[in-house]
Amino acid sequence: MAPANKENRLPKKPKAAPDPKLRNFLFQMVLKSENNANLSQIIKWTKKENLEFQLVDRQEVSRQWSVHKGGNKNMDYESLSRSLRFYYGINIMRKIPGKNFRYQFIPDDWTRAELAKWNARRFSIATILGSGTTRN
């Protein structure tokens, strides 16, 4: 068989933008780590005001991502970090230079909305007044 003519080849499909599901998972996880001592041992804010966080136990974060996805394989940090690198190019996340396992979420409408929801839950009227208050 003769080699296929370049003109007869189908054009390559453009690569789809990565789905931010992993970003969303990590964002929710680091938010929850504020009130969960077990989570704060594997992921935590380093500078919340800049949306910077650290994977304290990167293998455990990878394992939990694998469980969350429902995948049968055990994901390791190398696979997780490969997924994170896709986000750099589309300005969803970035790696903090010179810091091991530290990343930053790039603020967007989704992150701002999630922070607002989280803060609203944390500072609800029940939290401020306490659960033992009664109305007159």
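When a residue number appears, it is its place in the shown sequence, counting from 1. In this text, all values refer to a predicted model and were calculated from it rather than measured experimentally.
In this structure a side-chain-to-backbone donor-acceptor pair under 3.5 Å is missing from Q59 to D76. Under a 3.5 Å cut-off, the side chain of S66 and the backbone N or O of S62 do not form any donor-acceptor pair.
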Legend entry - side chain to side chain contact (heavy atoms under 4.5 Å, CB included) between I106 and R94, intermediate numbers included: CA-CA 7 Å; I106 304 302; R94 74 178 192 96; 4.1 Å; yes
Legend entry - Trace of the side chain to side chain contact (heavy atoms under 4.5 Å, CB included) decision for V61 with R58: CA-CA 5 Å; V61 171; R58 63 192 187 278; 5.6 Å; no
Inset, instruction - Could you go through the side chain to side chain contact (heavy atoms under 4.5 Å, CB included) check for I43 and Q64 one step at a time? - result: CA-CA 11 Å; I43 190 170; Q64 288 196 24; over 6 Å; no
Inset, instruction - Determine, step by step, whether I92 and F86 satisfy the side chain to side chain contact (heavy atoms under 4.5 Å, CB included) criterion, reporting the C-alpha distance in whole Å, the side-chain angles of both residues, the deciding distance to 0.1 Å, and the verdict. - result: CA-CA 9 Å; I92 289 179; F86 284 114; over 6 Å; no
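The minimum heavy-atom distance linking W118 with E34 is given by the pair NE1-OE1, 3.5 Å. Of all non-hydrogen atoms in K44 and S33, the two that sit nearest each other are CA-OG, 3.9 Å. What you find for S40 and A37 is that their closest heavy atoms are OG-O, 2.9 Å. Contact record, M93 with F53: CE-CZ, 3.5 Å, taken as the closest heavy-atom pair. For the residue pair Q104 and N50, the shortest heavy atom distance occurs at NE2-O, 2.8 Å. Shortest non-hydrogen contact noted between E114 and F27 is CB-CE2, 3.6 Å.
The structure places CD1 of I96 at 11.0 Å from CD of Q54, a figure rounded to the nearest 0.5 Å. A distance of 7.5 Å separates CG of L51 from CZ of F105, quoted to the nearest 0.5 Å. To the nearest 0.5 angstrom, N91 atom CG is 9.0 Å from D108 atom CG. How far CE of M75 is from CZ of R82: 8.5 Å, rounded to the nearest 0.5 Å. One finds the CG atom of N36 at 9.0 Å from the CE atom of M29 (value rounded to the nearest 0.5 Å).
Side-chain atoms of R63 and I42, non-hydrogen and from C-beta on, never get closer than 4.5 Å to each other.
By the criterion of side-chain heavy atoms lying less than 4.5 angstrom apart, applied directly or through intervening Ile, Leu, Val, Met, Phe, Trp or Tyr residues, F25 is grouped together with V30 in one hydrophobic cluster. Tracing side-chain contacts under 4.5 Å through hydrophobic residues (I, L, V, M, F, W, Y), one reaches L22 starting from W110; they form part of the same cluster. Hydrophobic clustering (side-chain heavy atoms under 4.5 Å, transitive across Ile, Leu, Val, Met, Phe, Trp, Tyr) keeps V67 apart from L39. Residues V56 and Y77 are members of separate hydrophobic clusters, defined by side-chain heavy-atom contacts under 4.5 angstrom among Ile, Leu, Val, Met, Phe, Trp and Tyr.
Atom NZ of K95 has more than 12 neighbouring heavy atoms from other residues, nucleotides or ligands inside a 6.0 Å radius.
Remark: K99 does not engage E52 in a salt bridge, criterion side-chain N to carboxylate O under 4.0 Å.
A ring-centre distance under 6.0 Å is not found for Y103 and Y87.
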